Every structure is written in structure tokens, then in C-alpha cells.
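In what follows, a single structure is set out as C-alpha cells and then discussed.
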Number of protein chains: 2
Amino acid sequence: MSVAVENFIKAIYKNNLNSINNTKPGSIAKHLGISNAAATDMAKKLADKDLLNYEKYKPLQLTAKGEKIALNIIRKHRLWEAFLFKTFDMSLHDIHREAELLEHETSNFLAEKISAYLGHPKFDPHGDPIPNSDGEITTTDISISLEKAIENKTYTIARLMSDDKDFFDFCAQNSLKYGNTIEVVKQFSNTKMTQIKINNNTILLNQDFTKIIYVNEIN
Amino acid sequence: MSVAVENFIKAIYKNNLNSINNTKPGSIAKHLGISNAAATDMAKKLADKDLLNYEKYKPLQLTAKGEKIALNIIRKHRLWEAFLFKTFDMSLHDIHREAELLEHETSNFLAEKISAYLGHPKFDPHGDPIPNSDGEITTTDISISLEKAIENKTYTIARLMSDDKDFFDFCAQNSLKYGNTIEVVKQFSNTKMTQIKINNNTILLNQDFTKIIYVNEIN
DNA sequence: TAAAAAATTTAAGTAAACTTAAAAAAACAA
DNA sequence: TTGTTTTTTTAAGTTTACTTAAATTTTTTA
């Protein structure tokens, strides 16, 4: 399994999580920085190997076999993120960049070692769930995006869905870290801004941020 | 820099350490499991990039530029070995196998993190020196192979030069570990056997072993 | 709903990293 | 030193993962 194939499968998996199964070669091409033609080519080749279902002009869908491979790569990615974050205290941006490379050269054997070392964590430092070695995500995600949070309620940060360095730098500077507690002070419906309070500091976030910060309500 | 190129350069570097600059494409081909034709091809291509000197039918020699690349990869390999050995308590065989993959996907940034975490070690768990980030090996190696050790003298194990699982398993079972102390009881010149004592156990080693176990005399 | 725009597919071509087979050169051995 | 063996090189071909350009299909919109 080449890096190109692994990244292609992973891209389809991730895209289908967001775009409700309307993944065309073009969107994968854009994401991977290759031409549409190359993406179509690859899709056909992977269909031959029974890793995805391909019909001309139709959305791409991973087979069970393809999905298992996607989840195995994502598992390795997130285990590396958790490990690098804990061990070397690297930033969320840095761990993502390194994991993007390491994930393709990590044996199942080593992945298990990392997982065991960390106590088989269920989430990475972004709050994303880590599939188990069978490719299962057991934890049900009940988090909501901050834009949908309710005024005067208290939440914990569940996920930071981004890989943008500037975003992570901002988060790090303002204690916006996986697991931390925040209070939603006010939702400004006109401007789509959200005012939150964290560690006695008040922060006003615009929708670019509230869409990618996910939180869990504290009961 | 592709994995194929990195492995080619590394193979030349390692071969030139042993065979005193008589590395022909054939020996690299054998080592990498590719055809002689492919090795000749690659040699020409790397010569174009000024990574090695190539003249038809002449030995291959890395340029300063090529050597720097070789040492950078070897640095990453040995840092990974040291790190995996310490962190996950993996066997010498396992750490080698994993490092062989990870070395190609490790940024200089991450290599520095690993090195700093370990306290900038000068040797890996096999006893092989770890080049610094400038590709320099500062430590002078004064170790000798066990076949040349002198009777009744005491040594510490300096290097275990192998990547064979059975050898490592044998070593692990008999406390033959980097840094451990041994006493050379007798050299059998006829049979080329060496009798050593370690932890009050006597072991008789044949030349297959004594040639790849390196030791430092204790003053 | 028909024309325009956008996306997808096909076709042809490239570069990297290999392969096998044949030719040429070097190494060795009688 | 000459013939044989081995090694290296050249030549031609393959696969993977791309590219650009043109043709086709789908989607949008006027």
C-alpha cells in the first residue's frame, strides 16, 4: 500500500464524514493537490482492488475493506499525535504535521506499543476519536459546535477541528485546549459572534472559530 | 529526496565503512535487493545531482553533500532506535526494523526533539555512534572485536553489529547488552572460539559472534 | 428548458524506480 | 597471457503516480 493510495483512501473517508457521501474525484484532487484526472485514475484503480465503489460521474464510496484501511491510518495518525503531544510537548500544529508523515510508516506492532504506552486513549489532543485496532470508534460523539452552544451554560472543549497553525497558536494563547472548561456568556445572533469566558478571561470569537471548536455540555 | 534515493546513499556510506572504498553498483544492488542495472541507473542519476562521484566501472564514492545526507539519515535511524528501546522496551531487532521505516519520514525538527528528550545521546542501543545534527561523529571509536580481545582482561560491550533477530535474541538471553561488563576467559586459537564470563555465566562464542561483538577495555 | 459553466473522464505523455536480456568491460585463473 | 567467469553497463520495457489537453457529461442559471 503506497503513501499515495493511503492518502487517497483517507481523503475519501474524511470527505464523506463532512459532505454526506457526495465525494467526487474533484474534491479529493483539490484536497490532495493533484489533478482531477489523476484522482479519476486512482479511483478506478482502487475500485479494481475492491477498496471503493466507482461508477462514472457518481460519488466515491469506500468499501468495508477500504474503510478499514482508512481507519487504520487515522488510528496511527491520532496515536502519533497523542504520543508526540504528551512526550515532546509539541504544538497541535506540529504534531499534525509530523503525524501526517509517520502514519504511513508505522507498523501495527508499533501502533499497539504506542497505544498501550498511552493507556489506550480514546481521543487525541484535538479531541478526535482514536479508532481501536479493529478500526472501531466506540465512543459516540455528542459534542456540538460552539456556534450552537447555549448562553450561560458551561462546557468542556471536546474537539478543535482544524490543522491551521494560526488557529492553534490562538488556542494555545487563550487556554483553548482539549478538556478545558468554558462558559458561554453570549451568542450575538446578528454578527454570529460568541462571547466566552475561560479562566476569568472573556473572549469574543467569530464564526470561523465557533464552527470548528466543539464542546460538551457539563451536566 | 525519495526513500529509494535515501536508502541508496545510506547503503553506499555503510558499504564504504566496511569495504574500504571499493563499493561497486553490484554490492549496493545486492544489499538493497534490486538489479545491478537499477543500481547503475541510480548511481548515474545521483552523480548528476552531485551526491556521488561516478565513473564507469569505478567504485562509487559519496561527495561531501552525499555523505551529509547519509549521516542525517543514520542520525535519525539511531535516534529512533535509542528512543524506541528506552520508551517501549522493544528488542534490538524490533527497533531496527521500525527505525528503518521511520528514518525516512522524520523531520529535522522531530529528530532534535527526540535527541533532546534523550539527553543528546552519543550511542544507540547497539553501541553505534549517533551523528550530531551537523552530521559529525565526535566520539572516536576505540572498541575492538571480541575475537581480538585479550585473555583475562575485562571489557564492556561497545557495539553489537548486526541486524539479525536470532543474534539479538541470543544476546538478550545472555545479558550481552550494550554497556555490560564481560571477562575474556580464554581465546581458543585453533577453533577460533572465545570463552567469556558474564554475570558468573560462562559462554563459548564462535567467530560468527566474536566478529560482530565489539568491546572496550576497562582501564 | 436550453445554453453556458463546471466537473469529470479519456487520451496521450512524463518521471521515477524498477525489470530482463544482451553487450561490453574487468577480474580471475589456468 | 589468454580464455573464462563475473561484473557492469546499455537497451528496451513495465508500473505507479502523476501531468496537460481535449472530449464528454453533469450541473447551474438565465
Side-chain angles (χ1 to χ4, degrees), chain A residues 1-13 15-16 18-62 65-66 69-70 73 100-101 103-105, chain B residues 1-13 15-16 18-62 65-66 69-70 73 100-101 103-105:
Chain A
M1 189 87 38
S2 69
V3 172
V5 167
E6 290 189 352
N7 279 332
F8 196 86
I9 290 174
K10 194 176 67 160
I12 294 173
Y13 180 86
N15 211 68
N16 275 346
N18 303 329
S19 64
I20 317 122
N21 282 23
N22 193 30
T23 301
K24 301 274 183 63
S27 49
I28 303 302
K30 207 169 185 178
H31 186 255
L32 295 178
I34 60 177
S35 67
N36 285 2
T40 301
D41 254 32
M42 183 63 99
K44 283 182 184 172
K45 222 171 20 179
L46 298 189
D48 286 346
K49 292 181 182 168
D50 193 33
L51 299 177
L52 57 83
N53 299 124
Y54 175 72
E55 264 188 277
K56 271 194 194 181
Y57 304 109
K58 293 275 170 353
L60 304 175
Q61 268 195 301
L62 293 177
K65 206 170 149 191
I69 291 170
I73 302 161
E100 204 67 15
L101 299 173
E103 61 183 12
H104 304 292
E105 301 302 335
Chain B
M1 189 87 40
S2 70
V3 173
V5 167
E6 290 188 353
N7 279 332
F8 197 87
I9 290 173
K10 194 175 68 161
I12 295 174
Y13 180 85
N15 210 67
N16 276 345
N18 303 330
S19 65
I20 316 122
N21 282 23
N22 193 29
T23 300
K24 299 274 183 66
S27 48
I28 303 301
K30 207 169 185 175
H31 186 256
L32 295 178
I34 60 177
S35 67
N36 285 3
T40 301
D41 255 31
M42 183 63 99
K44 282 181 184 173
K45 221 169 20 176
L46 297 190
D48 285 347
K49 291 181 183 169
D50 193 32
L51 298 177
L52 57 81
N53 298 124
Y54 175 72
E55 263 187 278
K56 269 192 194 182
Y57 304 109
K58 294 277 169 355
L60 305 176
Q61 267 195 302
L62 293 178
K65 205 171 149 189
I69 291 169
I73 302 161
E100 204 67 14
L101 298 173
E103 61 183 11
H104 303 293
E105 301 302 335

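Atom set for the values below is all heavy atoms of this structure, side chains included, hydrogens, waters and symmetry mates excluded. We name chains A, B, ... by the order of the sequence lines, and we start the count at 1 in each one. Everything quoted here is computed from the prediction, not taken from an experiment.
- Neither OP1 nor OP2 of D/dT16 sits under 4.0 Å from any side-chain N or O of A/S2.
- Remark: A/N36 pairs with A/A29 by the side-chain contact (heavy atoms from CB on, under 4.5 Å) rule, at least two apart or across chains.
- B/A38 pairs by the side-chain contact (heavy atoms from CB on, under 4.5 Å) definition with B/I34, B/S35, not counting sequence neighbours.
- Residue A/K45 has a polar side-chain atom (N or O) positioned under 4.0 Å from OP1 or OP2 of D/dA17.
- Qualifying side-chain contact (heavy atoms from CB on, under 4.5 Å) partners for A/L101, counting only residues two or more places apart in sequence or in other chains: B/E105.
- When the C1' atom of D/dT16 is taken as reference, atom CE of A/M1 falls 14 Å away, rounded to whole Å.
- With contacts defined as side-chain heavy-atom distances shorter than 4.5 Å, the pair B/I69/B/M1 qualifies.
- At whole-Å resolution of the value, CG in A/N22 and C1' in C/dT8 are 13 Å apart.
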Listed pairs, N/O of protein and of nucleotides 9-11 of chain C, under 3.5 Å:
unit_1 : atom_1 : unit_2 : atom_2 : d
C/dT9  : OP1    : A/Y54  : OH     : 2.7
C/dT9  : OP1    : A/Y57  : N      : 2.6
C/dT9  : OP2    : A/T40  : OG1    : 3.0
C/dT9  : O5'    : A/Y54  : OH     : 3.3
C/dT10 : OP1    : A/K56  : NZ     : 3.0
C/dT10 : OP2    : A/K44  : NZ     : 2.2

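- Contacts of B/K44 classified as side-chain contact (heavy atoms from CB on, under 4.5 Å), with partners at least two apart in sequence or in another chain: B/T40, B/Y54.
- Computed from coordinates, the B/K24 NZ to D/dT9 C1' distance equals 12 Å when rounded to whole Å.
- Separating the NZ atom of A/K49 from the P atom of D/dT16 is a distance of 6 Å, rounded to the nearest angstrom.
- Between the CG atom of B/L32 and the P atom of C/dA17 there is a distance of 12 Å, rounded to whole Å.
- Not counting sequence neighbours, the partners of A/H104 by the side-chain hydrogen bond (donor to acceptor under 3.5 Å, both in side chains) test are A/E6, A/N7.
- Between the P atom of D/dT9 and the CD1 atom of B/I28 lies a distance of 12 Å, rounded to the nearest Å.
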